[in-house]
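In what follows, chains carry the letters A, B, and so on, assigned in the order in which the sequence lines appear, proteins first and then strands, with residues in each chain numbered from 1.
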Amino acid sequence: MAIIYIENKPYQAPEGKNLLNACLSLGFNIPYFCWHPALGSVGACRQCAVKKYRDESDTRGQIVMSCMEQVAGGLRISIDDPEVREFRASIIEWLMANHPHDCPVCDEGGECHLQDMTVMAGHAYRRYRFKKRTYANQELGPFINHEMNRCIQCYRCVRFYRDYAGGRDLEVFSAHDHVYFGRHDHGTLESEFSGNLAEVCPTGVFTDKTLKKHYTRKWDLQSAASVCVHCGLGCNTLVAERYGSVRRILSRYNGAVNGYFLCDRGRFGYEFLSSAKRIRRAAKRNSASGAMEPADKKIILRSIKEIIAGGRVIGIGSPRASVESNFALRRLVGPDNFYSGMSAAEEELTALSIRIMKSGCASFPSLRETEKADAVFVLGEDVTNTAPMLALALRQSVKNRAAASLKKNRIPEWDNGSLCVIKDEEPGPLFVASLLPTRLDDAATRIFRGSPTQIARLGQAVAHAVNENLPAVSGLEQAVAKLAEEIARELTEASAPLVVSGAGCLSGPVMEAAANIAAALAAVNPRAGLFLALPESNSFGLGLLSGKPLDQAFQRAEKGEVRAAIILENDLYRRSEKKRVDRFREQCRHVIVLDFIDTATAAKAEIILPTAPFAEADGTLVNNEGRGQRFYRVMDPEEDCRPGWRMLAEIMEYAGIGDAGQWTTIDDIIAGLCAEEPELQGMREIAPPAEFRIYGQRVPRQPHRYSGRTAMKAHEDIHEHKPALDFDSPLTFSMEGFRSGPPPSLIPFYWSAGWNSVHALNKFQAEIGGPLRGGDPGIRMVGSSHKNFEYFKPAPVTPTPGGREYLLVPYFRIFGSEELSVLSPSIAGRIPGNLLLMNESDAKRIGAGNGSLVRVAVADAGASLAVKIDPGIPEGVAGYPAGMPGVEFMNLPAWGAITEGG
Amino acid sequence: MAERPLTGDIRPGEGPPRLTEYERRGGYAALKKALKQMDPAGVAEEVKRSGLRGRGGAGFPTGAKWSFVPMGTDAPEPKYLVANGDEMEPGTFKDRYLLEGNPHQLIEGMIIAAFAIQASVAFIFIREEYREACAALTRALAEAFAAGYLGGNILGSGFNLDMKLHVSAGRYMCGEETGLINALEGRRAVPRWKPPYPQTAGLWGKPTVVNNIETLCCVPHIVLKGAEYFKGLSRTGEGGTKLYGVSGKVKNPGCWELPMGTSIREILEEHAGGMMGGFKLKGLLPGGASTDFLLEEHLDVNMDFESVAKAGSRMGTGTIIVLDDRTCPVGFIHNLQKFFSRESCGWCTPCREGLAWVEKTLAAIEEGRGTREDIGILEFHVRLLAPGRTFCALAPGAMEPLGSGLKFFRDDFDRHISAPSCPWR
C-alpha cells in the first residue's frame with residue numbers, strides 16, 4: 001500500500017494499480033468511459049482527468065488521465081480542482097455534440113453510464129449549434145440491437161469483442177468524427193459473448209434485443225440474485241421481472257466465478273421461461289381417452305398417495321434440479337430407490353471428478369482464477385461449447401506471458417494498449433487436445449486431434465514427461481511423443497500451469513490422464529491447477545447425493561421391481577436410447593413427472609405436476625468446482641407451479657411420509673439435508689437464513705423508484721394488492737426495506753446514488769475488480785484437508801474394429817446442445833442444423849457430400865442426418881450433434897456404421 | 001556559396017543519381033568508414049556530438065533517441081529502424097526533394113543508423129502520393145542489394161540488414177511515430193501510449209527507432225566528415241544544414257538547403273525572392289501548418305529550433321507558409337482546420353469532436369454565419385486542446401495556427417462576424 005494525497009488528504013492505495021481504479025475503490029467519483037476494470041486502460045476518452053502535482057509546493061499542477069497514472073507513494077492529485085472539473089465537463093460537452101439526446105426512447109435510459117457521467121461531470125447547457133452526424137444501423141442478429149447515432153466512441157465494444165473475447169466480426173471503421181463501430185456488413189454477431197456488449201457499451205448503441213421485445217426500464221424491474229442453469233459453471237446472474245414475466249438477465253458479478261461477463265446462452269436462454277412448452281397446470285391422463293387433462297391438485301395428490309401406497313416406487317432425479325429438490329425426492333422414495341437420472345457415463349464422470357477433487361491432487365482454481373494461468377493444456381473439451389465462460393477465461397490466460405514481459409519492462413499491468421500490441425507476438429502456451437475442431441483452436445499454440453483413447457494416451461505421456469516415475473506410454477508416434485514433451489516442458493516451466501478437462505468427450509481415461517498431469521505438476525508446484533468441467537448446472541450437487549445411474553433403474557424395471565417412477569425435472573430421452581426409455585415406460589405402471597417444461601418424458605407420463613423454474617424458485621446449485629450457490633426467486637410461481645422441493649414436500653405431507661410435514665421453508669430442507677449428509681454442512685453457510693434481517697428489515701427486490709405499484713393489478717381489483725410473502729429468504733417483493741449493502745449473496749440489483757448503470761457495481765466491491773464487499777458469494781462444498789491421491793493407471797488401448805466402422809464422437813454447440821436454452825426464441829435463431837461432421841475422404845467413400853443425407857447406426861440407436869464436411873476432422877471419425885433438438889440419444893463415443901441415404 | 005551536403009548532388013529534372021554515379025561522387029564511403037573503422041557505439045557517439053536534432057518537426061536530439069535502444073547480446077531481437085517518409089504536414093515538401101533527388105543518400109544513412117542501433121530490419125514508410133520517390137527508392141534498393149550494401153554480411157562486416165519499402169495507405173496520423181508503427185503492423189493508424197517508447201517496445205513490441213528522412217540523410221555526412229564538420233555547417237548552436245521551404249505568394253517558392261539558423265528574412269527575401277508584386281506579407285507559419293503564426297516583426301528570427309521557440313512559435317519542419325494581405329486569414333485558418341479535423345484519427349475525444357466543432361465554427365464565420373459566441377468557442381478549444389489533455393500532439397498542433405491567428409488577426413475575425421460576411425470575398 002502506498003500513501004497518496006487527494007485534495008491534500010492522505011489515503012492508502014494499492015501500489016501499481018492505476019489511479020482511477022484506486023480513487024474509485026476509495027469511494028471517490030471520477031467519471032470515465034473507455035476504462036473498464038476487466039479491459040484495462042487505454043486513455044482514449046480523456047474523461048477521467050485529474051490534476052497531478054509535483055509536490056506540496058506545486059500550485060499549478062498538470063492535468064493527467066487518472067486511468068493512465070500509476071499509484072505510487074507520495075502521489076498528489078486533485079479531483080476537485082476547477083480547471084480539471086471544467087475539462088471533464090468539456091469532454092462530456094464534446095461527446096454530447098453528436099449524441100442524439102434520445103434518452104426517452106432509448107433502451108439504456110435510466111441505466112445509462114453516459115447519463116450518470118454527464119450528471120457527475122456537470123455539463124448541462126448545449127453550445128454546439130451545428131448538425132449532428134448520423135449513421136446507418138446494422139441488423140446484428142437475435143441478441144443485440146444496434147443504434148450507432150448514440151455512440152460516444154469509447155472503443156470499449158471492439159476492445160471487449162476482439163481483444164478480450166477473440167471475436168473477429170466487429171470492428172471500428174472510418175476516422176475522425178465519423179468513427180463507426182459495427183460489422184463489415186449486416187449480419188449476426190458471431191461471438192458467443194456478444195451479449196456482453198449490452199453491458200460493456202456505456203450508452204444505448206448495443207442493447208439487449210430480447211429485452212426490447214418486452215421492454216421495461218431498470219427502475220421498474222423487480223430483480224433477484226440467481227445462478228445460470230445453462231451449463232455447469234454456475235455463473236451468477238441477475239434476473240429481472242415485471243408483470244409476471246422475466247424481462248432479461250444481467251451478469252451478477254462474482255469475483256471468483258464469472259467476474260463481469262456472461263455467455264450468450266446464459267444471458268439469452270431465459271426466454272424459455274415464457275416458452276409455449278412451459279407446464280403450468282397439474283394434469284392427469286384420462287384412462288379412457290388417453291389424453292392429458294388438467295386436474296385439481298388435490299385430486300392428483302390423492303392419486304399419488306395411492307400410487308406410493310402401492311409400493312415399489314423409485315425416484316429419478318436430475319442434474320438440472322436443485323440440490324434441495326433432488327434431496328426431497330430422495331427422502332420421498334428412500335435412498336435405495338433414488339436414481340440420479342444421469343446416464344452411466346455422466347454418473348461415472350461426475351463421481352470421478354468429485355473423487356479427484358476430494359483427493360487434493362492439485363489446486364482446483366475457481367473459474368476466475370483460470371484467467372491467471374500461464375500455461376494451459378485442455379484435454380478433450382470444446383470449452384466454448386460446453387463451458388463457454390471457461391473459454392473466455394482461457395482467452396485471457398494466453399495473454400499472461402505478454403503481460404509478464406511487459407512487467408519486465410516496467411509497463412504496468414493495466415496498460416491494455418501495450419498489452420494488445422504484444423499479446424499476439426508472445427502468446428502464452430495453450431494446448432488443445434480434442435476430438436473435433438474447437439472454437440478455441442484459434443487461440444491455441446498447438447492442436448492435437450484424436451480419439452478419447454489417443455487423447456488419454458497423450459495425457460499420460462505428458463504426465464510421464466513431467467514425472468518420469470509415472471508409467472511411460474508405449475508405442476506412441478514420434479510426433480505425439482514430441483508434442484507430449486513440449487506440453488510437459490511448458491507446463492513445468494510455468495508458474496501457474498493449468499490442466500483442463502471434463503465430461504466433454506465422455507471418457508474417464510481422459511479425465512484420469514488430466515488428473516495425473518495436474519498431480520505430477522502439483523508435486524513440485526503448488527500453484528498447478530486442475531479444472532474439470534461438468535455438463536449441467538447441478539451435476540456436481542447431484543453427484544454429492546450419491547444416487548445411482550439411470551441404467552440401474554432400467555435394470556430394476558427389467559426385473560419387474562418398479563411399479564411407479566417419480567421423475568423430477570428430467571427428460572430421460574436425452575440420457576438414454578429411445579428404445580430403452582420406451583421399454584422402461586412400458587414396464588412402469590405409473591409414471592409421475594415433475595417438471596416445468598413439456599418434455600418427451602412428460603408426454604408419456606400418467607401424472608404431471610408443474611414445478612417452478614429458477615426464476616420462480618429458491619434453491620442451491622453446485623457448480624463444477626463444487627461451489628454451492630443459492631438462487632432466489634424473482635417472482636412467485638403462478639398457477640400450480642411450485643419449486644420441486646416444495647411440491648415433493650407437499651406430496652410427502654399428503655402421503656404422510658416422514659417428517660416432511662415440517663418442511664415449510666427451504667431452510668428446513670437444508671437442515672434436513674445437513675442432518676443426513678454431514679459432508680454438505682456448508683449448505684447452511686451459502687446464504688443467510690430466511691429470518692435474517694438488517695436493522696429489522698428485509699432486502700427489497702424492487703428499486704426505490706419502482707413505479708405503478710398501486711395500478712399494476714387494477715384490471716383485477718382496484719385495491720392495491722398486498723405484496724407476496726417470502727418465507728424462504730430475507731428478500732421481499734417490495735420497494736421497502738434495507739437497500740445499502742446487503743450481504744453479497746442477496747444483492748438483487750446494483751444501484752448507488754448517482755450510479756444507475758451496471759457500473760454501480762463499483763460501490764459493491766471491496767476493491768474495483770476484486771471481491772464483493774463481504775466476500776464473493778458461494779461456498780465450496782468439497783475440500784481436501786489431506787492428500788490421498790493415487791495416480792491413475794493408463795487405460796488399456798481398445799482395439800479398433802475392422803470393416804466400415806467409424807468412431808462416432810459427440811459434439812456440442814453452445815446454441816443447441818442445452819435442453820432449456822433451445823426453447824428460447826433468440827437462441828433458437830442461432831442453432832446450427834443437425835449435421836454429421838465428417839472428413840472429406842470419408843464422406844467420399846460413402847458417396848456423400850455436403851448436405852447429403854446419411855444413416856448413422858450404433859448398437860442401440862440410429863439416426864438420419866445431413867453431412868457437413870469439415871477438413872479439421874480426422875479420418876475415420878464422425879461428429880454427432882449430441883443433445884441437439886430433434887436428435888436422438890446415442891451412447892457415445894461408439895463405433896458405428898454410416899451409410900448413404902436417409 | 002555555403003556547403004550543401006544533402007542536396008549538392010541533386011540535379012532537378014535529371015533524375016536521381018544511379019548507384020555508380022552516387023559512388024563516384026563519394027557515396028557509400030561513409031558506410032564503409034562506419035562498418036570498417038567504427039563500432040556501433042562510435043557511430044552513435046559521433047551523431048550525438050554532431051548536435052543533430054530530428055528534422056521531422058519536434059527537433060528531438062537524434063543521438064539521444066538512439067541511446068534508449070537496448071544494446072548488447074541480451075537485447076530483444078530483431079530491432080527495427082524506420083524512416084518516416086509520411087510527409088503530410090501541409091506546406092511541407094522537403095523530404096520529397098531528398099527522396100526523389102537522391103535515394104541512395106537515404107539508404108546509406110539508414111544502413112549506418114541501423115548499424116548504430118544494431119537493427120536487422122529497416123522500413124522506409126512513405127506516403128502513397130510520392131510515386132516518383134517510390135519508383136526511385138525501389139530502383140535504388142535493388143541496386144544496393146545487388147551491390148552488397150544491403151542483405152547479409154554487408155561489406156564483409158558481419159552486419160546484416162534487410163530493408164523494405166512500405167507505401168502507406170495514407171493518413172496524417174501515420175506521420176506520428178507510434179501511429180506509423182501501428183499502420184506498419186497493419187493496425188489502425190492511431191497513436192500508442194508512451195511509455196513504452198518505441199525504442200524499447202515499438203514495431204511488433206520490439207525496439208524500434210523512427211527517424212525523419214532528412215535526419216537520416218544527415219547521418220552519412222556526419223560519419224564521413226565528423227561531428228565538428230557538421231556542427232560547423234550551422235550558424236547557430238544546432239548542427240548542420242536545414243532544408244527550408246517557402247510556399248505562398250512569393251516570387252520564387254521552393255526548397256533550399258541552407259545553414260541551420262539562417263534568418264527568416266534571408267530565406268524569404270534572398271531565396272524566395274520576396275513577395276509577389278501587389279502582395280504584402282501579413283504573417284507566416286514558420287514550420288508547416290501546425291505552428292504558430294509569426295509576423296513581419298519576427299523576420300529577423302533565426303530559423304532553428306531554439307530561436308523560433310523563443311519567438312513564440314516552432315520551427316517544425318522548417319517549411320514556411322506565407323499569409324499575404326489579399327488572402328483571408330479566417331479562410332486560411334479554416335482550410336488548415338478542415339485538414340486537421342479530417343485527419344484526426346478519432347481515438348481521443350477532444351481531438352475527434354473538438355476539431356470538427358472548430359472547423360464548423362470557422363466555416364460559419366467565414367460564410368457570414370458567425371456569432372459573437374463563436375469566438376469564445378474557438379478560444380475555448382485553443383485553451384483546452386492542450387498537450388497532455390489530448391492523446392497525441394495532433395490537436396494541440398492544430399490549435400497553434402488558430403490560437404496565434406486569433407491573437408494576431410482578431411480584428412479580421414470580428415469583421416467577419418459584424419459584416420456578416422468575408423471581407424475578402
At a heavy-atom separation under 4.5 Å, does B/L385 approach chain A through its side chain, its backbone, both, or neither? side chain
What part of B/R192 gets closer than 4.5 Å to chain A, counting heavy atoms only: side chain, backbone, both or neither? side chain
Below 4.0 angstrom, N of the basic side chain to O of the carboxylate: do [X] and [Y] qualify?
X      : Y      : value
A/K399 : A/D424 : no
A/E86  : B/R383 : yes
A/D58  : A/R60  : no
A/D81  : A/R85  : no

What residue in [options] has the most heavy-atom pairs under 4.5 Å with chain A?
options                        : result
B/I377, B/L355, B/V190, B/T390 : B/T390
B/A364, B/S344, B/G354         : B/S344
B/R171, B/K206, B/E185, B/R342 : B/R342
B/P196, B/A201, B/P70, B/A356  : B/P196
B/G205, B/C351, B/C348         : B/C348
B/A189, B/A386, B/G388         : B/G388

Give, for atom [atom1] of [X] and atom [atom2] of [Y], the distance between the pair rounded to the nearest 0.5 Å.
X      : Y     : atom1 : atom2 : value
B/L384 : A/S90 : CG    : OG    : 4.5 Å
B/T200 : B/K79 : OG1   : NZ    : 12.0 Å
A/E83  : A/Q62 : CD    : CD    : 11.0 Å

Against chain B, label [X] side chain, backbone, both or neither, depending on which of its atoms sit under 4.5 Å from a heavy atom there.
X      : answer
A/Y180 : neither
A/I152 : backbone
A/Q153 : both
A/Y155 : side chain
A/V179 : side chain

So which residue, [options], ends up with the most heavy-atom pairs under 4.5 Å with chain B?
options                        : result
A/C154, A/A175, A/S405, A/P412 : A/A175
A/R410, A/E93, A/R129, A/R133  : A/R129
A/I422, A/D415, A/I411         : A/I411

Starting from the C-alpha separation in whole Å, work towards a yes-or-no answer on salt bridge (charged side-chain N to carboxylate O under 4.0 Å, His left out) for B/E400 and B/R314. CA-CA 9 Å; B/E400 291 183 22; B/R314 295 187 305 117; 3.1 Å; yes
Taking atom NZ of B/K338 as the centre, report whether more than 12 heavy atoms of other residues, nucleotides or ligands fall under 6.0 Å from it. no
Are side-chain N/O atoms of B/E77 and B/S120 paired as donor and acceptor at under 3.5 Å? no
